[in-house]
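Basis for what follows: all heavy atoms, side chains included, without hydrogens, waters or symmetry-related copies. Not measured: the values here are computed from a predicted model.
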Amino acid sequence: ALLAILHRRPEAAARAAEALGKMQAKNGRFGSDRTHSWMYNHALATEALAEYARHAGKVDDYRERLERAAQVLLDAQNPGAGWRYEARGNENDTSVTARATAALFAVERAGVLRVDEAAWRGAREWVASMTDPDFGQVGYNFRGGVPARPEGKQDLFLPEHSQAMTASGMVATLLAGSDPFTVPARSLSLVTTLPPKTRHADLYYWEAAARAYMLAGSPVPDPWYGALVKTLAASRHDDGGMKPFDVWSGDTGRIGATAMAALALSAPAREAPAATVRALRTGKRTVRVA
């Protein structure tokens, strides 16, 4: 959402970033840790602020905040694995792991710090442990499983109509430094077979999928992107925001739904292939991509 308004309304974006910064506690966390989803909130806020600082040329203004935010994530990671709701709680899931990995990558890409390879390796190994070797489907917290659903929404939004964890797993492992050729092609194929539809709508899935395509060096297919545009247009409110129409809208509200929609739509222009990602990490600035 910060990036969506940055170019046309830089003053509004600056105020939003400042407000986000004020939500950070002395221990580096964004928001309260008393909620079940605090790790999600912290990772999303960290990624948003890092991306804003990089695009706005204000990294030095936010460097100290981002260093502390990144340290919270690094301290919360389970050694040799990923993340879940509690810091080092010896439990992991693909969803939180993908968000934490994306946040750390954004901080590193902004030039704030260099993340230790052990953190990236843990994320890659967790996703590998969740990937079905035969079909390429990535599970939430057991190999090849289906995405989680909020209580009471399982029948309204059937999990088998989403490849949210497969897409999220691809995002995590590619941002963590995996070569695209090591990511099962069948994983991307699973995403392609489930384009966006209003029925069983899952904005979390669509945002991760659009991002996964680009990171894998495979432009978002025209039919898939066309379905995304059509579905979002049909669910758009007259005031410009999204209606609360997907499986997660009860948790994220209209602001969260609108932000996820903007991120999904902008992925083709925003994301770089994994080859570029690795070059940024190693300091090699000259990259050739197909």
Does E151 CD have over 12 foreign heavy atoms under 6.0 Å away? no

Partner residues of S187 under the side-chain hydrogen bond (donor to acceptor under 3.5 Å, both in side chains) criterion, sequence neighbours left out: none

Only pairs at least two apart or in different chains count here, so list each salt bridge (Lys or Arg N to Asp or Glu O under 4.0 Å) that has a residue in residues 124-145. E117-R124

Side chain to side chain contact (heavy atoms under 4.5 Å, CB included) partners of A106, counting only residues at least two apart: E47, A50, E51

Checking E64 now: which residues fulfil salt bridge (Lys or Arg N to Asp or Glu O under 4.0 Å) with it, not counting sequence neighbours? R68

Checking A118 now: which residues fulfil side chain to side chain contact (heavy atoms under 4.5 Å, CB included) with it, not counting sequence neighbours? D116, R121

Apply ring pair (Phe, Tyr, Trp, His ring centres under 6.0 Å) to H161 and list each qualifying residue two or more places apart in sequence or on a separate chain. H200

What pairs with N41 under side chain to side chain contact (heavy atoms under 4.5 Å, CB included), at least two apart in sequence or on another chain? T35, S37

Sequence neighbours left out, what passes side-chain hydrogen bond (donor to acceptor under 3.5 Å, both in side chains) with Y225? Give chain and number order. none

Those residues that, when tested against S266, pass side-chain hydrogen bond (donor to acceptor under 3.5 Å, both in side chains) (two or more places apart): R270

Would you call E18 and K22 a salt bridge, using N to O less than 4.0 angstrom? yes

Using the benzene-type ring in the case of Trp, are the ring centres of Y213 and W224 under 6.0 Å apart? yes

Y205: which residues meet the side-chain hydrogen bond (donor to acceptor under 3.5 Å, both in side chains) condition with it, sequence neighbours left out? none

Under the rule for side chain to side chain contact (heavy atoms under 4.5 Å, CB included), what residues qualify as partners of D75, not counting sequence neighbours? Q71

Kindly state each residue pair satisfying side chain to side chain donor-acceptor pair (under 3.5 Å) with at least one member in residues 249-265, sequence neighbours excluded. D239-R254, D246-S249

